[in-house]
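All remarks here apply to the structure that follows.
Only heavy atoms go into these numbers, but all of them, side chains included; no hydrogens, no water, no symmetry mates.
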Amino acid sequence: MAQDTYTKRLWLEEDLADDLKWSMLVKKVLYSGKSEYQEVDLIDVGPFGKTLFLDGKVQSSEVDEWVYHELLVHPAMVMHPNPKTVFICGGGEGATAREVLRHKSVEKVVMVDIDKVVCDFCHAHLEKNKAAFESSRLELINDDARTQLEAYPGKFDVIIGDLADPLDGGPCYQLYTQDFYQNVVLPKLNPGGIFITQSGPAGFLSCTEVFTCINATLRSVFPSVLPYAQHMPVFCDVWGWNMALTDASQAELSAEEMDRRLAERVQGSMGFLDGHTFKGLCHLNKVVRKCLEEEQQVYTADCGRFIHGKGQAAKPAENGSQQ
């Protein structure tokens with residue numbers, strides 16, 4: 001954080017690239033600490049209100065998180081004919097579970113986030129998500145998502161990757177790999193099951209950072225992958241999602257049918273998403289489409305890409321050694 005010499009106002013700077021950063025006015029630091037896995041901050045900033053940061057990277061803000069979470073959850077849920085069981089990888093904020101639990105058909109949601117500090121903090125301080133954390137349909141496990149998904153009895157109709165971005169030294173990189181998708185996610189999906197993951201920046205200048213590589217990795221495993229994107233103000237970029245389908249025909253859902261299913265299945269109305277909006281988000285621009293078509297690299301344990309920044313494991317300790 002930096003202080004304005006003249007006004008004494010405190011500004012939070014987030015590095016977006018080696019030669020690019022942007023600043024947000026700090027109105028109030030609500031929490032700042034460190035868990036075993038990552039740095040955790042909740043700060044009231046600029047026009048975004050309460051904003052959650054992990055390892056110095058924006059995760060969500062109260063002014064636009066509802067758009068992000070509607071787009072992460074509901075397209076996959078309504079493309080499935082009758083989703084009853086859902087597994088969430090990550091999701092410690094609680095907002096993904098909140099949106100899943102709006103679906104009347106859902107009987108069981110298993111949310112596995114490795115960081116109990118984040119889950120407990122968000123349960124206590126993010127009022128919109130409190131009911132989700134306390135729902136009898138939610139089973140919250142603080143552990144490694146891969147370990148728990150692999151060992152969990154039974155399969156799931158929808159699996160959601162609400163993970164932090166693949167970050168050098170961050171806790172989530174292994175959950176973007178071909179091995180995870182091929183040997184854990186796919187076998188744990190019921191017939192007709194759907195996997196959806198947030199996929200990082202997807203603008204025409206930023207899409208090759210991780211978005212296209214995640215897409216190529218999923219395409220190497222699943223018969224059909226549907227990429228889509230939407231500008232997110234707090235991320236200062238267009239953001240991407242990749243939906244992997246075990247039944248390619250599910251992607252043929254019309255705008256009108258999506259609207260009908262949303263109205264019938266979901267408690268309350270959508271604030272952002274409807275059928276025509278979703279169809280528009282799937283029509284990516286020419287540059288991004290070309291990058292998706294040309295992408296060859298897939299994530300493996302030894303080969304991948306990271307967004308800008310470093311997690312705790314890759315940061316030098318104060319004494320100069322590695323943490």
Check against side-chain hydrogen bond (donor to acceptor under 3.5 Å, both in side chains), Thr197 and Asn242 | CA-CA 6 Å; Thr197 182; Asn242 279 291; over 6 Å; no
Checking Glu209 side chain against Gly200 main chain: does a donor-acceptor pair fall under 3.5 Å?
-> no
Val109 side chain near Ile88 side chain, heavy-atom distance below 4.5 Å = yes
Gap separating the CG atom of Leu284 from the SG atom of Cys207, nearest 0.5 angstrom = 9.0 Å
Name each donor-acceptor pair under 3.5 Å that joins a side chain in residues 180-187 to protein atoms two or more places apart or in another chain, with its distance.
| residue | atom | partner | partner atom | Å |
| --- | --- | --- | --- | --- |
| Asn183 | ND2 | Asp179 | OD1 | 2.6 |

Within a strict 4.5 Å, meaning less than it, do heavy atoms of the Glu257 and Ser254 side chains meet?
-> yes
Give the ring-plane orientation class for Tyr176 versus Tyr299, where under 30° counts as parallel, over 60° as perpendicular and anything between as tilted.
-> tilted
Val86 and Asp157: CA distance, side-chain angles, deciding distance, side-chain contact (heavy atoms from CB on, under 4.5 Å) verdict | CA-CA 6 Å; Val86 179; Asp157 297 319; 5.8 Å; no
One should read off an interatomic distance between His80 NE2 and Phe156 CZ, to the nearest 0.5 angstrom, of 12.5 Å
side-chain contact (heavy atoms from CB on, under 4.5 Å) between Ile43 and Leu12, intermediate numbers included = CA-CA 9 Å; Ile43 305 175; Leu12 186 150; 3.3 Å; yes
Honestly curious: do Leu281 and Met258 fall in one hydrophobic cluster under the side-chain, below-4.5 Å linking rule?
-> yes
Would you confirm whether Asn142, through its side chain, and Asp113, through its main-chain N or O, come within 3.5 Å as a donor-acceptor pair?
-> yes
Got a donor-acceptor contact below 3.5 angstrom from the Arg305 side chain to the Thr208 backbone?
-> yes
Find out whether Cys122 and Leu52 are in side-chain contact, i.e. whether some heavy atom of one side chain is under 4.5 Å from a heavy atom of the other.
-> yes
Between Gln178 and Thr217, is there a donor-acceptor pair closer than 3.5 Å when you use the side chain of the first and the backbone of the second?
-> no
Does atom NZ of Lys21 have more than 12 heavy-atom neighbours from other groups under 6.0 Å away?
-> no
Is Trp239 reachable from Val287 through a run of hydrophobic residues whose side-chain heavy atoms are each under 4.5 Å from the next?
-> no
Can you tell me how far CH2 of Trp241 sits from CG of Leu226, rounded to the nearest 0.5 angstrom?
-> 12.5 Å
Is a donor on one side and an acceptor on the other found under 3.5 Å between the side chain of Gln198 and the backbone of Leu163?
-> yes
Can you tell if the side chain of Phe87 reaches within under 4.5 Å of the side chain of Ile160, non-hydrogen atoms only?
-> no
Identify which one of Glu293, Glu295, Glu294 satisfies the side chain to side chain donor-acceptor pair (under 3.5 Å) criterion when paired with Thr212.
-> Glu295
Cationic N near anionic O, under 4.0 Å, Arg137 to Glu107 = no
Using a 4.5 Å cut-off on heavy atoms from C-beta on, say whether the side chain of Val45 contacts that of Phe48.
-> yes
Decide whether Ile214 and Val238 are clustered together by the hydrophobic rule: side chain heavy atoms of Ile, Leu, Val, Met, Phe, Trp, Tyr closer than 4.5 Å, transitively.
-> no
Quick check: are there more than 12 heavy atoms from other residues, nucleotides or ligands sitting under 6.0 Å from NZ of Lys290?
-> no
What class does the angle between the rings of Phe235 and Tyr68 fall in, given that below 30° is parallel, 30 to 60° is tilted and above 60° is perpendicular?
-> perpendicular
Do you know the tightest heavy-atom contact between Ser35 and Asp115?
-> OG-OD2, 2.5 Å
When hydrophobic residues are tied together by side-chain contacts of less than 4.5 Å, even through go-betweens, does Ile194 share a cluster with Val266?
-> yes
Under 3.5 Å, side chain of Asn190 to main-chain N/O of Gly193, donor-acceptor pair present?
-> no
May I ask you to check whether His74 and His103 place their ring centers less than 6.0 Å from one another?
-> yes
Distance, nearest 0.5 Å, that separates CG of Leu149 from NZ of Lys155 = 11.5 Å
Given the rule in the side-chain contact (heavy atoms from CB on, under 4.5 Å) test, do His125 and Tyr31 qualify, once you have shown the distances and angles that lead to the verdict?
-> CA-CA 10 Å; His125 294 279; Tyr31 176 85; 5.8 Å; no
Measuring from Lys116:NZ to Ile141:CD1, what's the distance to the nearest 0.5 Å?
-> 13.5 Å
Find out whether Met232 and Val67 are in side-chain contact, i.e. whether some heavy atom of one side chain is under 4.5 Å from a heavy atom of the other.
-> yes
Same apolar cluster: Leu175 and Val298, side chain cutoff 4.5 Å | no
Is Glu62 reaching over with its side chain to a backbone N or O of Lys50, donor-acceptor style, under 3.5 angstrom?
-> yes
From CA spacing to verdict: side-chain contact (heavy atoms from CB on, under 4.5 Å), Val40, Leu54 | CA-CA 5 Å; Val40 183; Leu54 298 179; 4.0 Å; yes
Sidechain N-carboxylate O distance under 4.0 Å for Glu99, Arg102 = yes
Look at Glu65 together with Arg98 and state whether they make a salt bridge at an N to O cut-off of under 4.0 Å.
-> yes
Over 12 foreign heavy atoms within 6.0 Å of CZ, Phe204 = no
Specify the closest pair of heavy atoms between Tyr228 and Met243, including all atoms of both residues, with the distance to one decimal.
-> CE2-CE, 4.1 Å
So which heavy atom on Val210 is nearest to which on Ser199, and how close?
-> CG2-O, 3.6 Å
Identify the heavy atoms of Gly56 and Glu39 that sit nearest to each other, and give their distance.
-> N-OE1, 4.4 Å
Other residues, nucleotides, ligands: >12 heavy atoms within 6.0 Å of Gln267 CD = yes
Between the side chain of Asn129 and the main-chain N/O of Ala132, is any donor-acceptor distance below 3.5 Å?
-> no
Could you check Asn215 against Arg219 for side-chain hydrogen bond (donor to acceptor under 3.5 Å, both in side chains), going step by step and ending with a plain yes or no?
-> CA-CA 6 Å; Asn215 178 271; Arg219 282 190 284 110; 2.6 Å; yes
Interatomic spacing from NZ in Lys84 to NZ in Lys108 - rounded to 0.5 Å | 15.5 Å
So, the side chain of Asp144 versus the backbone of Thr147: is there a donor-acceptor pair under 3.5 Å, distance only?
-> yes
Under a 4.5 Å cut-off applied to non-hydrogen side-chain atoms, are Asn82 and Arg265 in contact?
-> no
State, to 0.1 Å, how close Phe211 and Leu292 come at their nearest heavy-atom pair, and which atoms those are.
-> CE2-CD2, 4.0 Å
Would a 4.5 Å heavy-atom cut-off, applied to side chains only, mark Thr177 and Thr300 as touching?
-> no
Is there a donor-acceptor contact under 3.5 Å from the side chain of Asp55 to the main chain of Lys57?
-> no
Check ion pair Glu256-Arg260 (N to O, under 4.0 angstrom) = no
Nearest atoms (heavy-atom pairs only) where Met111 meets Gly90 = CG-O, 3.3 Å
Answer yes or no: are there more than 12 heavy-atom neighbours, outside Lys104 itself, under 6.0 Å from its atom NZ?
-> yes
Can you name the side-chain hydrogen bond (donor to acceptor under 3.5 Å, both in side chains) partners of Ser249, sequence neighbours left out?
-> Asp247
